Amino acid sequence: MRLGKLDNDTLERIVLSKFQKTRPESLRAPEIGEDCAWLDLGTDLAVLSCDPITSASIAHLGRLTVHVNCNDAAAAGAEPVGLLVTLLAPPSLTEEQIGRIADDLAAAAALANVDILGGHTEVTDAVTRPITNAAVVARCPRGQLMRGMRAGDDIVMTKWAGLEGTSIIAEDFPALAGRLSEAQRDSARALQHQLSVTAEGRFGAMHGATAMHDVTEGGVLGACWEMAHLAGCGMRIDVDAIPVLTETRALCEAAGIDPLRLISSGSLLIACPDGAAMAEGLSAIGIPAAVIAKAVEGEVRQANGLIVEPPEADELYRLFP
């Protein structure tokens with residue numbers, strides 16, 4: 001099988017279709033485009049989600065583990081509280097390297113204001129590089145549930161396309177990073193500090209967001225497709241309005257990959273009735289934002305009419321042998 005997430009048809013057919021909602025506390029069954037589980041525990045709703053980190057170097061692993069998982073909860077309008085983390089390490093890893101991953105986890109958790117609640121650490125020859133899998137536990141006030149995206153809503157995007165992919169390529173692929181100036185390389189690597197969307201998630205939830213989706217594997221276009229699929233509507237995407245940094249364009253041109261299909265943790269899609277007001281409010285608190293699309297009846301298309309296909313393997317995987 002190819003690297004990366006299962007395509008949506010295969011995921012639905014061989015995995016998700018087998019899981020049914022049976023407990024009254026469970027508010028919805030797993031489905032394509034929905035990153036979190038919801039439990040009704042009385043006063044508040046518990047929001048749960050989990051994600052592995054499989055393609056990052058040791059230098060990025062702890063930080064990405066925290067932010068990618070907390071971002072799922074933030075995109076649901078919830079406040080992350082803690083994480084359960086599993087670390088699988090190959091026999092070649094040293095105690096010092098495992099300690100560095102733990103240090104990175106602790107620093108990122110402190111920055112995100114969450115606790116590492118526990119988990120599991122194991123050395124195994126089943127993996128050739130260290131990987132993590134984490135589950136985030138978050139809370140959401142009952143009255144803060146978003147109604148869901150509908151035709152007519154605007155879609156606002158925060159920060160830039162390919163944000164996470166740019167930082168990874170600049171750090172882990174020196175031949176490609178060499179195409180940038182020293183200042184551009186420093187700028188690209190510094191994007192690793194902008195991978196959290198908890199601030200824009202809180203702002204969106206408090207200012208009229210109808211739905212939110214963090215941009216991860218499959219990039220901006222993949223996230224737009226997933227968001228529309230979950231809502232049961234279409235979308236018209238103005239690709240010229242999607243912010244892309246100069247460093248990202250240069251790295252993607254050198255690698256022959258599409259920045260709009262490149263992993264973009266740190267960017268959030270926010271559906272809302274008034275995208276201009278949402279973007280203006282986000283910009284006022286220091287978060288770059290732009291209106292990039294509108295929810296419509298029908299299919300997911302670019303503004304020029306080109307149909308946007310469901311997400312496949314992220315462009316980053318094309319750089320691995």
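Values reported hereafter were calculated over all heavy atoms of this structure, with side chains retained and with hydrogens, waters and symmetry mates removed. Quick caveat: nothing in here was measured; it's all calculated off a predicted structure.
- Within the 4.5 Å cutoff, the side chain of T210 has heavy atoms near those of the P273 side chain.
- Hydrophobic clustering, defined by side-chain heavy atoms of Ile, Leu, Val, Met, Phe, Trp and Tyr closer than 4.5 Å, groups L268 together with M146, V156, V197, F203, M212, I270, M278, L282, I285, I287, V291.
- When every heavy atom of P30 is checked against every heavy atom of L16, the shortest pair comes out as CB-CD2, 3.8 Å.
- Taking CG from L45 and CZ from R139, the interatomic distance works out to 10.5 Å, rounded to the nearest 0.5 Å.
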Legend entry - salt bridge (charged side-chain N to carboxylate O under 4.0 Å, His left out) between R147 and D153, intermediate numbers included: CA-CA 12 Å; R147 65 163 165 81; D153 283 346; 3.1 Å; yes
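- Considering SG of C50 and CG of D72, their distance stands at 9.0 Å, rounded to 0.5 Å.
- Within the 4.5 Å cutoff, side-chain heavy atoms of R63 are placed close to those of Q192.
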Inset, instruction - Give the intermediate values and the outcome of side-chain contact (heavy atoms from CB on, under 4.5 Å) for residues W160 and V220. - result: CA-CA 9 Å; W160 313 279; V220 177; over 6 Å; no
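- Checking H213 against E226 by side-chain atom types alone, a donor-acceptor pair falls below 3.5 Å.
- Contact between I169 and A177 at its shortest, heavy atoms only, is O-CB, 4.4 Å.
- Of the possible polar contacts, none joining the D115 side chain to the L117 backbone as a donor-acceptor pair under 3.5 Å is found.
- Hydrophobic clustering (ILVMFWY, side-chain heavy atoms < 4.5 Å, transitive): I131 and I101 are in distinct clusters.
- P80 approaches A78 most closely through the heavy-atom pair CD-O, 3.4 Å.
- Counting all heavy atoms, side chain and backbone alike, L61 lies closest to T65 at O-OG1, 2.7 Å.
- S264 places no side-chain N or O within 3.5 Å of a backbone atom of S267 that could act as its donor or acceptor partner.
- Of the possible donor and acceptor atoms, none in the side chain of T86 sits under 3.5 Å from a partner among the backbone N and O of L84.
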Legend entry - Stepwise side-chain contact (heavy atoms from CB on, under 4.5 Å) test for V137 and L48: CA-CA 5 Å; V137 181; L48 311 171; 4.0 Å; yes
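- Checked against side chain to side chain donor-acceptor pair (under 3.5 Å), E34 has the following partners two or more places apart in sequence or in another chain: R28.
- Heavy-atom contacts from other residues, nucleotides or ligands closer than 6.0 Å to CG of N113 number 12 or fewer.
- The shortest distance between side-chain heavy atoms of R301 and M235 does not fall below 4.5 Å.
- Residue Y317 is grouped with residue L319 when hydrophobic side chains (ILVMFWY) are merged at heavy-atom distances under 4.5 angstrom, including chains of intermediate members.
- Side-chain atoms of E315 come within 3.5 Å of backbone N or O of D258 as a donor-acceptor pair.
- Environment of CD in E95: sparse, with no more than 12 heavy atoms of neighbouring residues, nucleotides or ligands closer than 6.0 Å.
- There is a path of hydrophobic side-chain contacts, each under 4.5 Å, that joins V300 to L11.
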Inset, instruction - Begin with the C-alpha distance, continue with both residues' side-chain angles, and end with the deciding distance and a verdict on side-chain contact (heavy atoms from CB on, under 4.5 Å) for I242 and M157. - result: CA-CA 8 Å; I242 297 174; M157 173 185 159; 3.7 Å; yes
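- In this structure, L269 is not a member of the same hydrophobic cluster as V47, with clusters built from ILVMFWY side-chain heavy atoms closer than 4.5 Å.
- Formation of a donor-acceptor pair under 3.5 Å by the Q97 side chain with backbone atoms of T94 is found in this model.
- The backbone N or O of D51 lies less than 3.5 Å from a partner atom in the side chain of N69, making a donor-acceptor pair.
- Under 4.0 Å is where a charged nitrogen must lie from a carboxylate oxygen, and between R179 and E253 no such pair does.
- Between the side chains of E12 and S17, no donor-acceptor pair is found at a separation under 3.5 Å.
- In this structure, R129 forms a cation-pi arrangement with F320, its terminal cationic atom sitting closer than 6.0 Å to the ring centre and no more than 45° off the ring axis.
- Under the 4.5 Å side-chain criterion, counting only non-hydrogen atoms from C-beta, L27 is not in contact with L39.
- M227 and W38 sit in two unconnected hydrophobic clusters of ILVMFWY residues. Membership requires side-chain heavy atoms under 4.5 Å apart, directly or through other members.
- Nearest heavy atoms, K159 versus Q194: NZ-O, 3.3 Å.
- Under a 3.5 Å cut-off, the side chain of K294 and the backbone N or O of I155 do not form any donor-acceptor pair.
- Looking at every heavy atom in both residues, I53 comes nearest to L64 through CD1-O, 3.9 Å.
- Residues T54 and V127 have side chains not in contact (no heavy-atom distance under 4.5 Å, counting atoms from C-beta outward).
- Rounding to the nearest 0.5 Å gives a distance of 9.0 Å between CZ of R189 and NE2 of H60.
- By the 4.5 Å heavy-atom criterion applied to side chains, L260 and V244 are counted as neighbours.
- The backbone N or O of H67 sits less than 3.5 Å from a side-chain atom of N71, completing a donor-acceptor pair.
- Without hydrogens or angle criteria, T198 side chain to A74 main chain gives no donor-acceptor distance under 3.5 Å.
- Atom CG of residue L195 and atom CG of residue L111 lie 10.5 Å apart, to the nearest 0.5 angstrom.
- You'll find the side chain of L245 reaches within 4.5 Å of the side chain of L191, heavy atoms only.
- A donor-acceptor contact shorter than 3.5 Å links the side chain of D314 to the backbone of G218.
- Within 6.0 Å of the CD atom in E312, the count of heavy atoms belonging to other residues, nucleotides or ligands does not exceed 12.
- T128 is not listed as a side-chain neighbour of P90, based on a closest heavy-atom distance of 4.5 Å or more.
- With rounding to the nearest 0.5 angstrom, the OG1 atom of T158 is 4.0 Å from the CD atom of E200.
- With hydrogens and angles left out, the side-chain atoms of E247 and T166 include no donor and acceptor closer than 3.5 Å.
- When only modelled atom types and interatomic distance are considered, S265 and E164 share a side-chain donor-acceptor pair under 3.5 Å.
- Rounding to the nearest 0.5 Å places CD1 of I168 at 12.0 Å from CG of L251.
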Legend entry - side-chain contact (heavy atoms from CB on, under 4.5 Å) between L262 and L316, intermediate numbers included: CA-CA 6 Å; L262 179 62; L316 186 65; 4.0 Å; yes
